[in-house]
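Structure first, commentary second.
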Number of protein chains: 2
Amino acid sequence: MSRLSPLAPEEAKAVERLESRQRSWRRGAYIQRENDQAEELVILSEGWVIAATLMNDGSRQIVQVHLPGELMGSANLMVPRVPMSLCAITEVTAAMIDRGAMARLLADHPRLASHLLAMAELERLTLADRIASLGRGSGRARLAAFLLDLLNRLRRLDPSVTDQFSMRLTQEQIGDATGLTAVHVNRMMRALVEEGSITRDGSMVTVLDEPKLMRLAHYVERETIDTSWIPEHA
Amino acid sequence: MSRLSPLAPEEAKAVERLESRQRSWRRGAYIQRENDQAEELVILSEGWVIAATLMNDGSRQIVQVHLPGELMGSANLMVPRVPMSLCAITEVTAAMIDRGAMARLLADHPRLASHLLAMAELERLTLADRIASLGRGSGRARLAAFLLDLLNRLRRLDPSVTDQFSMRLTQEQIGDATGLTAVHVNRMMRALVEEGSITRDGSMVTVLDEPKLMRLAHYVERETIDTSWIPEHA
DNA sequence: CGACGCATTGAAGAGAATCAACCGGTGTGG
DNA sequence: CCACACCGGTTGATTCTCTTCAATGCGTCG
């Protein structure tokens with residue numbers, strides 16, 4: 001959260017207290033299941049988590065891939081049932097935050113609502129970009145957008161990341177995220193390799209021609225967010 | 001906004017003052033253009049507006065259809081450039097809200113940030129549903145979901161709406177929203193008519209078999225939002 | 001060793017895009 | 001007032017992307 005705009009010391013302390021209740025999950029475990037009673041929000045500290053919804057024909061759509069540091073299930077604050085399953089796709093540790101505790105936090109530190117608002121708006125933009133990618137855009141384009149999104153978010157997380165990262169999703173999961181079948185993901189991945197955009201070595205993906213990928217994906221780099229509108233701390 | 005949770009009188013007054021600067025646009029006019037300097041948010045009072053982004057291959061993706069009462073371009077508060085064009089598809093009147101005025105409003109009435117947060121989260125859920133619809137789901141399913149979404153939102157807006165509404169988008173625009181071509185929208189629309197799910201008369205669309213449409217669309221009715229977490233007004 | 005998860009590859013089929021033409025209504029300028 | 005252009009909807013024929021079904025290989029783990 002502090003990446004957006006500095007917190008006052010007592011705000012930071014209050015947030016930290018919330019994060020004390022850490023738990024861990026192994027690969028494949030569900031952190032929250034769709035339609036469960038929504039009691040808690042989750043802050044991801046280690047590992048990758050997917051937010052997905054199951055459709056009544058058995059297919060699955062992965063709506064987001066969460067990386068460490070992100071707040072997950074923020075809608076749980078205000079809906080009675082969990083809208084999307086959260087599933088650990090690697091070893092995961094995360095902090096569970098009670099819905100009531102979150103409400104108290106906002107009551108005690110009203111300025112934090114603005115921070116959450118900024119995060120929510122940012123994610124809304126990301127989702128809008130994903131809608132554009134899914135609605136228009138070939139399989140190759142969707143895949144390119146998906147890879148670039150992951151790469152850029154990992155860069156923000158760890159500045160030592162340059163042009164490669166370890167893909168922690170199976171091709172089946174990539175398909176569920178991009179709206180393709182696993183088979184087609186495989187073929188498109190291969191196509192990206194053959195045209196020289198990327199290379200692969202095991203789970204490692206290296207981006208060779210980023211401008212080309214960006215063009216292919218219609219990728220828009222979202223500019224840094226302006227936080228000057230967040231009220232000053234008293 | 002007050003539909004979510006009652007506002008204190010002085011909050012309501014402050015919000016109303018913001019909405020005083022009304023303007024109107026004719027069909028087809030742009031209210032905001034992608035990449036413009038982001039100076040203002042917009043509250044829609046009359047008419048329909050689409051939020052769309054243009055891709056570099058010339059195709060367009062409509063991310064949202066805005067109905068009266070909605071806050072549009074809320075991201076403009078925090079990004080330097082308008083992320084998505086707002087285009088009037090009917091006669092439109094709306095209130096322009098200066099970004100600075102919005103910031104002052106949040107500073108003076110910090111509780112309102114919670115309200116905005118609730119609205120943002122709600123829209124995030126809507127966008128997530130749209131992602132699921134676009135990612136998985138045939139043309140018919142996407143179209144069904146699109147129609148049901150509009151119908152249900154119009155119902156919330158005007159309780160006298162039961163099973164029909166006037167579709168204000170052209171088939172080309174429906175295609176841009178559902179990720180299909182205009183031609184295919186036409187065929188799928190026709191298919192929905194032939195299977196007895198809907199009928200059409202001019203721009204009027206009547207839903208004949210709503211349960212069937214909902215099954216087809218994997219439609220999930222989002223439950224009412226819980227606002228008990230919003231801090232009490234002092 | 002055998003089961004299983006995951007990546008890979010081939011062949012066939014379905015769904016959607018593309019290209020092209022036509023139609024009715026509406027507006028508009030001569 | 002009419003001719004014409006234009007927009008939006010409709011339809012047919014063709015092409016292509018992606019899915020589906022099926023089989024194989026490879027590494028890991030019990």
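It should be emphasised that the depicted structure is a prediction, and the values quoted were computed from it without experimental measurement. First the proteins, then the strands, lettered A, B, ... as listed; each starts at 1.
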Nearest whole angstrom, please: distance from the C1' of D:dT17 to the CZ of A:R140.
-> 12 Å
B:R168 side-chain N/O to D:dG8 phosphate OP1/OP2 under 4.0 Å | no
Looking only at side-chain N and O atoms, does B:R27 come under 4.0 Å of OP1 or OP2 in D:dG8?
-> yes
Could you state the CG-C1' distance from B:D57 to C:dT18, rounded to the nearest angstrom?
-> 14 Å
When the distance from CD of B:Q173 to C1' of D:dC7 is rounded to whole Å, what number comes out?
-> 12 Å
Apply side chain to side chain donor-acceptor pair (under 3.5 Å) to B:E172 and B:T170, showing your working.
-> CA-CA 5 Å; B:E172 170 119 33; B:T170 66; 5.9 Å; no
Please figure out whether B:G139 or A:L169 has its closest DNA chain C nucleotide nearer the 5' end.
-> A:L169
Please work out if A:G175 contacts a base, only the sugar-phosphate, or nothing of the nucleic acid, heavy-atom cut-off 4.0 Å.
-> nothing
Whole Å only: how far is the CG atom of B:L143 from the P atom of D:dG9?
-> 12 Å
Picking from D:dG9, C:dT18, C:dT8, which would you name as closest to the side chain of B:T170?
-> D:dG9
Closest listed nucleotide, where the reference is the side chain of B:Q171 and the choices are D:dT10, D:dT19, C:dA16 = D:dT10
Charged N to carboxylate O below 4.0 Å: is that the case for A:R21 and A:E40?
-> yes
Does any donor atom in the side chain of A:S74 or B:R124 lie under 3.5 Å from an acceptor atom in the other side chain?
-> yes
With sugar-phosphate meaning primed atoms plus P, OP1 and OP2, does A:G179 contact a base, only sugar-phosphate, or nothing at under 4.0 Å between heavy atoms?
-> sugar-phosphate
Counting heavy atoms from C-beta on, name the nucleotide in D:dC18, D:dG12, C:dT9 closest to the side chain of A:R190.
-> C:dT9
Across the strands shown, which category fits B:R200 at heavy-atom distances under 4.0 angstrom: base, sugar-phosphate, nothing?
-> sugar-phosphate
Any A:N186 side-chain nitrogen or oxygen under 4.0 Å from OP1 or OP2 of C:dA7 = no
N-O pairing of B:R222 and B:D129 below 4.0 Å = yes
Decide side-chain contact (heavy atoms from CB on, under 4.5 Å) for B:W48 and B:L67; before the verdict, give the C-alpha distance in whole Å, the side-chain angles of both, and the deciding distance to 0.1 Å.
-> CA-CA 5 Å; B:W48 292 23; B:L67 303 182; 3.7 Å; yes
Considering all heavy atoms, the nearest A:S45-A:A95 contact = OG-N, 4.3 Å
Would you say B:R187 reaches C:dG15's phosphate, i.e. side-chain N/O to OP1/OP2 under 4.0 Å?
-> no
Between D:dC7 (P) and B:E172 (CD): distance, integer Å | 11 Å
In whole angstroms, how far is the P atom of D:dG9 from the CE atom of B:M167?
-> 10 Å
From CG of A:L134 across to C1' of D:dC18 the rounded distance in Å is 15 Å
Between D:dT11, D:dC21, D:dC18, which nucleotide has the shortest distance from any of its atoms to the side chain of A:M188?
-> D:dC18
Rounded to whole Å, CE of B:M189 lies from P of D:dT11 at a distance of 13 Å
To the side chain of B:H184, which of C:dA17, C:dT18, D:dT19 is closest?
-> C:dA17
